[in-house]
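To keep things clear, I will list the structure first and then write my remarks on it.
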Amino acid sequence: MIKARVAESPAGWKQLSVIQFTALGALVIGALVSLPFWGGPGVMRMLVEFLTLLALAQLWNLLAGYTGLVSIGQQAWIGIGGYALIVAADDLGLPIPLGLVLAGVAAALLALPAAGLLFRLRGGYFSVGTWVVAEILRLLVMNSTDWLRGGLGRTLTATSAMTRETRELLTYALAVVIGLGVIALVHLLMRSRTGLALTAIRDSETAAANLGIETQRIKLFVYLLCAFGTGVVGALIYLNLLRITPDAAFSVQWTAFMIFIVIIGGIGSIEGPIIGAILFFVLRQFLSDFGEWSLILLGAIAVVMMIFAPEGIWGIIRRRWQFEIFPVHRRVGASSGDAHERNAWQ
Amino acid sequence: MDWAGTIVQGLLLGGFYALYGIGLSLIFGVMRLVNLAHGDLIVCAAYLSLVLIEVTGLPPLLTLAIVIPVMFGLGVLLQRGVLNRVLGSGPMPPLLITFGISIMIQNGLLLTFTADTQRLPAGSLETASVPIGGLATVGVLPLLNMAIAILAIIGLQQFMGRTDLGRAFRATSDDPTTAELMGIDSRQIYGLAMGASLALIAVAGILLGMRTTFGPSDGPARLIYAFEAVIIGGLGSLWGTFAGGLLLGVAQSIGAAINPGWFQLAGHILALLVLAIRPTGLFARTRDL
């Protein structure tokens with residue numbers, strides 16, 4: 001019987017066994033959880049930044065790389081998330097973790113009507129449309145001179161009662177949960193039936209619809225999920241930065257970071273954004289003056305990679321060594337008797 | 001509120017948006033590509049003119065003689081050297097490449113010219129105006145811009161409808177594979193289309209630079225205005241884009257008259273309303289693009 005097997009690498013590709021995968025996961029989680037005991041606050045701050053970038057890149061990859069929705073307006077949800085956290089924590093007096101969840105909810109609630117309009121646009125015009133949505137939200141915040149203090153922005157004060165150590169530990173803990181949570185979410189989603197539908201839509205929306213996939217509903221689901229996730233990460237960013245202004249929070253630079261990380265690392269894989277985020281972060285640490293030059297350099301690398309190596313660094317590694325850590329591909333094959341029965345993902 | 005004056009000013013402002021939109025509409029029509037660096041290239045043209053003015057002392061309008069061919073060449077180069085390499089691999093690669101170029105241009109301009117806003121010295125043209133029907137006086141510069149936008153549309157239509165090359169453009173737009181079988185080099189057509197688009201926005205960039213100040217990070221707003229002109233007017237119709245640009249200008253002008261903070265917002269809201277009520281645009285041709 002011919003069937004698409006769940007989450008398999010192409011024939012002959014190496015994967016980690018269950019034990020290896022669990023051990024690798026345990027090692028990463030163990031290192032991150034124990035870090036506050038052996039790493040200094042400087043290392044923790046660096047990891048908060050790294051994990052936020054990683055989560056943003058994974059979410060953008062889910063949207064564009066796996067679903068084909070090329071949004072250049074994800075900064076909309078970062079801004080909404082940041083402002084929602086400040087409103088929830090300062091104006092409503094809610095606890096910070098609940099504030100983060102509400103930030104995601106606020107982003108998803110605003111993304112719903114936005115999607116209703118944006119999904120009428122195709123391809124490139126959808127992309128510009130997402131940017132328009134972000135601009136509208138920025139202008140609305142700008143015009144809220146009393147409540148949100150317009151262009152001056154606001155400062156998170158709810159955490160000022162905490163000691164610096166407590167605040168940093170809380171931020172770090174939330175960053176670890178969100179960073180790992182997003183990877184787990186994307187991995188599980190892509191291994192589900194919905195994941196199969198997503199790649200089908202990306203590769204040909206018409207064909208996917210003809211096979212009975214409810215393309216609009218699934219696209220809407222992913223768009224809202226990514227808005228929710230990006231909203232939560234936006235709240236985390238401003239829990240860390242404390243000070244928010246509409247121009248910085250709704251800046252397209254956030255989306256530029258996501259796109260460059262994903263393209264350089266490898267679009268359409270979970271490993272790619274991880275590699276891209278590490279490279280991006282290393283580059284940022286080494287270029288002491290991370291400004292215009294770095295963005296020009298990243299832009300140039302991304303453009304060259306798009307032309308000559310559209311699969312990114314992970315794509316090159318994957319093909320060269322025929323190896324995957326997070327296999328989410330599907331393969332059509334006979335149902336029994338081949339070597340892949342042995343591997344971890346049956 | 002002086003309604004007549006506000007609307008006239010809005011229409012004149014909209015003439016600039018119309019010219020941006022025609023450039024975007026043209027390349028989308030020929031090759032279904034949205035150039036996310038469109039706005040940044042408009043700003044780039046204004047800076048190019050600024051440099052020429054400082055080096056040669058030419059008046060801004062005369063720098064067009066150099067800036068138009070340079071931008072045309074840049075467009076051909078961009079298409080043939082970069083974007084043609086990712087043809088046929090879906091809409092994502094060209095989008096991401098032009099997005100990367102957009103970020104590079106913005107930061108390159110910021111490094112070279114700092115964040116200070118600039119203006120092209122237009123001399124007496126800056127303030128010259130003529131009275132129209134006793135209602136309002138209108139600037140000569142925006143009128144000139146409007147005339148150029150109208151001439152550009154008529155020129156493009158004549159070119160598309162009457163010349164062999166224009167026929168090749170339309171054939172490639174309809175079906176590039178079949179057009180290739182008839183001996184048309186679609187890559188060359190795409191190059192020329194991008195060149196023409198950048199030549200148009202070179203004019204728009206310089207005229208705008210004479211009318212108002214500009215800075216390195218103004219590109220994205222220009223892209224969005226071009227997009228909104230297309231969305232309001234309807235895909236696939238140059239006159240629709242023209243009308244869309246004018247309506248966008250009027251919306252912004254009325255928004256600003258009510259509350260200065262609503263200038264851009266009013267335009268965005270009009271574009272979204274059109275998208276909600278009539279997703280094909282107000283003046284769309286029935287042809288599906």
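Letters go in sequence order (proteins before strands), and every chain restarts at 1.
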Quick one: what part of [X] sits under 4.5 Å from any heavy atom of chain B, side chain, backbone, both or neither?
X: A:Met142; answer: neither
X: A:Val70; answer: side chain
X: A:Ile72; answer: side chain
X: A:Ile301; answer: neither
X: A:Ile259; answer: side chain
X: A:Leu297; answer: neither
X: A:Ala302; answer: neither

Let me know if [X] has heavy atoms under 4.5 Å from chain A in its side chain, its backbone, both or neither.
X: B:Pro94; answer: neither
X: B:Leu24; answer: both
X: B:Ile231; answer: side chain

About how many Å separate [atom2] of [Y] and [atom1] of [X], when rounded to the nearest 0.5 Å?
X: A:Arg122; Y: B:Arg32; atom1: CZ; atom2: CZ; answer: 12.5 Å
X: A:Arg138; Y: B:Leu265; atom1: CZ; atom2: CG; answer: 10.0 Å
X: B:Asn107; Y: A:Leu295; atom1: CG; atom2: CG; answer: 4.5 Å

Task: Pair A:Val252-B:Phe99, side chain to side chain contact (heavy atoms under 4.5 Å, CB included): steps then yes or no - done: CA-CA 11 Å; A:Val252 73; B:Phe99 181 79; 4.0 Å; yes

- [ ] Just do the side chain to side chain contact (heavy atoms under 4.5 Å, CB included) check on A:Ile296 and B:Leu111 with the steps written out, would you?
- [x] CA-CA 10 Å; A:Ile296 295 174; B:Leu111 268 180; 3.7 Å; yes

Quick one: closest heavy-atom pair of [X] and [Y], and the distance?
X: B:Val230; Y: A:Tyr125; answer: CG1-OH, 3.7 Å
X: B:Met104; Y: A:Gly299; answer: SD-C, 3.5 Å
X: A:Trp131; Y: B:Pro220; answer: CZ2-CB, 3.3 Å
X: A:Gly124; Y: B:Leu95; answer: CA-CD2, 3.7 Å
X: A:Arg120; Y: B:Leu275; answer: NH1-O, 2.7 Å
X: B:Val82; Y: A:Ile307; answer: CG1-CD1, 3.6 Å

Open item on the list: Working note: B:Val86 + A:Met306, criterion side chain to side chain contact (heavy atoms under 4.5 Å, CB included); need CA distance, chi angles, decisive distance, verdict.
Closed with: CA-CA 8 Å; B:Val86 294; A:Met306 236 18 249; 5.6 Å; no

Task: Heavy-atom pairs under 4.5 Å with chain A, option from B:Leu110, B:Asn259, B:Leu96 with the top count - done: B:Leu96

Task: Top of A:Leu121, A:Leu118, A:Thr145, A:Asp203 for chain B proximity - count of heavy-atom pairs under 4.5 angstrom - done: A:Leu121

